[in-house]
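One structure is given below, encoded as structure tokens.
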Amino acid sequence: MRSVFPYLLLTIVLLSGCASQTPTSDAELAANSSPSQQTKQKTIRPFPEDTFFDLLVAEMALRYHDLDTALDNYSYQADTTGDPGVITTAARLAQYLNRDDVAENYARQWLQFEPENAEAHYIMASALSHGQRPLDAFPHMTKVMELGGDSNFAALAATVLSRDEKDQGAFLTLLDNQLERHPNENSLKIAKALILQYQQQETAALALIQQVLNDEPDNPHALLIETRTLAQLGRDDEALDRLRYAVDQNPNHKRLRHDLARRLVKTDLFQAKAQYELLVRQNPDDSDLLLELMLINRELSNTDEAAQQLESLSDTPAHSSRAHYVLGRLAEEDRNWPEAINHYQQATANPEFTPASQRLTSISLSLDGAEKTLELLQVLRLRLPEHSSRIYLLEAEILRKEAHYQRGYDLLSTALSNNPDEEQLRYARSLFSEKLGNLKAVEADLRHIITRDPENATALNALGYSLANLSSRLDEAEALVKRALVLEPEDPAIIDSYGWILFLKGNTGGAIKMLEKAYNKSQDHEIAAHFGEALWTSGDKQRAQSVWETGLKHTPDSPIIYDTLRRLELFND
């Protein structure tokens, strides 16, 4: 079985808005403040003239907030001079700019001449954590704690939540070991409570957090975990009351106030609006907050305010694209198709462009049909050359569904004349070549992909399947599909291809075994066609009919099932 446009099977996720709660980043539980800086008296020595000039430029860049230039100069001179003062400044600046690889490099150098410096260990721990290496970061954060600095194990715990259960278990073991040695360390308790909350061990998480709150009643991280755990238990009124208290005690804590605003969206839009307005004033550069406020104003029919906020979001393409995509989804919910199309056409930046263009295509096909949609996409492609490959694929998919195989082949040949190594375009063209019965063209495109990417299981499977169906080169086809199966042993399309090749080679028993495995994973109509034919040939005609019927329930107009039935003289048009 060949996967049809595997690259286009993308999940569309509705971005944050008043109607749906955006998942929050637990990494934001952690404050980014380093431990108190430890400084030592350095021996003063003159720098060479070139070094002095670079450092002067860096200092002037800092004064004028050109932090990237400052970091570039400090990094260069840190590498050139090895001066401890320059290295420490480079490490601090890199951490501030979230340049984690740079921060790790200079923090490591810093620790070579000051191994007991809490700030250097903190920067190292933060960089490793942001780099998805929380277990490596743990010893450095432990050192911060032991040196009397402000440790932040919650930041590491937030990172480990995205890792597998094994890493989470290892991290919990490290936390428990440290809690035995430091039973009163609240940073350790908060980190463990965060993981327990994530693992839905709410009672244990609340008990641990209560210990922290008994000691530090206004600790924002503890309050945040407490309120989220209460909400997780369905104790919404308690969660809201505690959030109000938490915000009163920590009025400038962004995440606490944002959680409060999101909860109020469900119960009182006017109070939610007030909280969002304050958040936007406190965080004027956060476009997501402005977008959420705009959506609330739309919900409240404050059209003038919403329009002003949309205009503010339009200052940069990325923010504008995000806003227009959300507005397009809302227009779809209201069945306002022209407005939805208008907004989707303005969602031109990544990551919104792909789902927006797909929704635009779907609506246009429903309203105006294939030819008008193709004209719309052509105009869009000429307007947005940076997205031309994606739009070509959308056009090609329409032509494939309309069975315009030669037009699709010609369209993709034009696309490939400008992007000859574009893998998705070549794969798509091979589908049209297959429909046209042009095995030579199929093989040329798929071998081009495989030459550049020898472990491309999709292309290996596609070529093997095509050779099996369009030629007598069954041994070669089997070898290709076996390679794909080693790379993706659980892919039902590849399993189906292998089973079908076995069937064509006369190994009906082996074919049924593989095709049944594929069918149990996916009742795709093409797998059903193959599995049903193998069963029919083996004499199990009742089960074969049942498999075909199931395939037709999923795809009522399945051409491959009907072709199979005609070939077996079980169906007449």
Side-chain angles (χ1 to χ4, degrees), residues 13-31 152-155 157-162 168 172 175 186-283 286 288-289 291-293 295-296 299-300:
V13 179
L14 180 60
L15 303 178
S16 61
C18 63
S20 64
Q21 184 171 346
T22 305
T24 55
S25 169
D26 288 300
E28 292 182 64
L29 286 168
N152 191 348
F153 289 95
T159 302
V160 87
L161 296 182
S162 63
Q168 290 179 31
L172 274 173
L175 283 174
N186 286 335
S187 178
L188 293 167
K189 293 177 183 178
I190 291 171
K192 183 174 180 179
L194 175 59
I195 296 176
L196 293 173
Q197 179 222 339
Y198 178 81
Q199 295 179 342
Q200 297 185 318
Q201 299 183 52
E202 291 92 351
T203 302
L206 281 177
L208 206 52
I209 280 301
Q210 194 56 55
Q211 294 179 28
V212 178
L213 291 173
N214 288 339
D215 187 37
E216 301 178 59
D218 302 334
N219 185 297
H221 306 319
L223 288 166
L224 196 56
I225 294 173
E226 180 196 33
T227 55
R228 290 181 178 178
T229 307
L230 289 170
Q232 213 165 282
L233 289 168
R235 294 157 62 178
D236 293 334
D237 290 342
E238 286 182 74
L240 187 58
D241 287 344
R242 291 296 289 164
L243 263 176
R244 291 184 190 278
Y245 169 81
V247 170
D248 286 344
Q249 301 305 311
N250 302 274
N252 295 316
H253 196 282
K254 178 181 177 182
R255 179 49 57 194
L256 282 170
R257 191 176 295 278
H258 199 187
D259 271 21
L260 175 60
R262 287 170 184 264
R263 293 213 154 272
L264 289 170
V265 163
K266 301 176 183 179
T267 58
D268 191 327
L269 278 179
F270 290 99
Q271 287 191 41
K273 179 189 174 188
Q275 293 297 331
Y276 271 111
E277 287 174 337
L278 184 52
L279 276 166
V280 168
R281 286 198 297 272
Q282 291 175 337
N283 306 275
D286 190 326
D288 285 341
L289 292 174
L291 173 57
E292 292 174 45
L293 176 58
L295 294 171
I296 289 175
E299 193 74 15
L300 293 171

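Only a predicted model underlies this, so the values are computations on that prediction, with no experimental measurement involved.
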Asp259 and Lys254: side chain to side chain contact (heavy atoms under 4.5 Å, CB included), yes or no, with the steps?
CA-CA 9 Å; Asp259 271 21; Lys254 178 181 177 182; over 6 Å; no
Any non-hydrogen side-chain atom of [X] less than 4.5 Å from a side-chain atom of [Y]?
{"X": "Tyr198", "Y": "Ser162", "answer": "no"}
{"X": "Arg257", "Y": "Pro251", "answer": "yes"}
{"X": "Leu230", "Y": "Leu240", "answer": "no"}
{"X": "Lys189", "Y": "Ile209", "answer": "no"}

Between [X] and [Y], is any side-chain donor less than 3.5 angstrom from a side-chain acceptor?
{"X": "Asp215", "Y": "Gln211", "result": "no"}
{"X": "Gln200", "Y": "Gln232", "result": "no"}
{"X": "Gln275", "Y": "His258", "result": "no"}

Main-chain N/O of [Y] paired with [X] side-chain donor or acceptor, under 3.5 Å:
{"X": "Ser187", "Y": "Phe153", "answer": "yes"}
{"X": "Asn219", "Y": "Ala222", "answer": "yes"}
{"X": "Glu299", "Y": "Leu269", "answer": "no"}
{"X": "Asn250", "Y": "Asp218", "answer": "yes"}

Candidate pair Glu277 and Lys273, rule salt bridge (Lys or Arg N to Asp or Glu O under 4.0 Å), full reasoning
CA-CA 6 Å; Glu277 287 174 337; Lys273 179 189 174 188; 3.6 Å; yes
Nearest heavy atoms of [X] and [Y], plus distance in Å:
{"X": "Ala157", "Y": "Ala191", "value": "CB-O, 3.7 Å"}
{"X": "Ala205", "Y": "Ala193", "value": "CB-O, 3.7 Å"}
{"X": "Leu224", "Y": "Thr227", "value": "O-OG1, 3.0 Å"}

Considering residues at least two apart in sequence or located in another chain, which fulfil the salt bridge (Lys or Arg N to Asp or Glu O under 4.0 Å) criterion with Glu216?
none
Residues in salt bridge (Lys or Arg N to Asp or Glu O under 4.0 Å) contact with Lys192, at least two apart in sequence or another chain
Asp176
Look up atom [atom1] in [X] and atom [atom2] in [Y], then write down how far apart they are to the nearest 0.5 Å.
{"X": "Leu194", "Y": "Leu208", "atom1": "CG", "atom2": "CG", "result": "11.0 Å"}
{"X": "Leu243", "Y": "Arg228", "atom1": "CG", "atom2": "CZ", "result": "9.0 Å"}
{"X": "Leu161", "Y": "Ile195", "atom1": "CG", "atom2": "CD1", "result": "6.0 Å"}
{"X": "Asn152", "Y": "Ile190", "atom1": "CG", "atom2": "CD1", "result": "8.5 Å"}
{"X": "His221", "Y": "Leu256", "atom1": "NE2", "atom2": "CG", "result": "9.0 Å"}
{"X": "Leu291", "Y": "Tyr276", "atom1": "CG", "atom2": "OH", "result": "9.5 Å"}

Contacts of Glu238 that satisfy side chain to side chain donor-acceptor pair (under 3.5 Å) - sequence neighbours left out
Arg235
Counting only heavy atoms not in Asn214, do more than 12 fall under 6.0 Å of its CG?
yes
Using 4.0 Å as the upper bound for N to carboxylate O, is an ion pair formed by Asp236 and Lys266?
no
Leu293/Leu279 under side chain to side chain contact (heavy atoms under 4.5 Å, CB included): CA gap, chis, key distance, verdict:
CA-CA 9 Å; Leu293 176 58; Leu279 276 166; over 6 Å; no
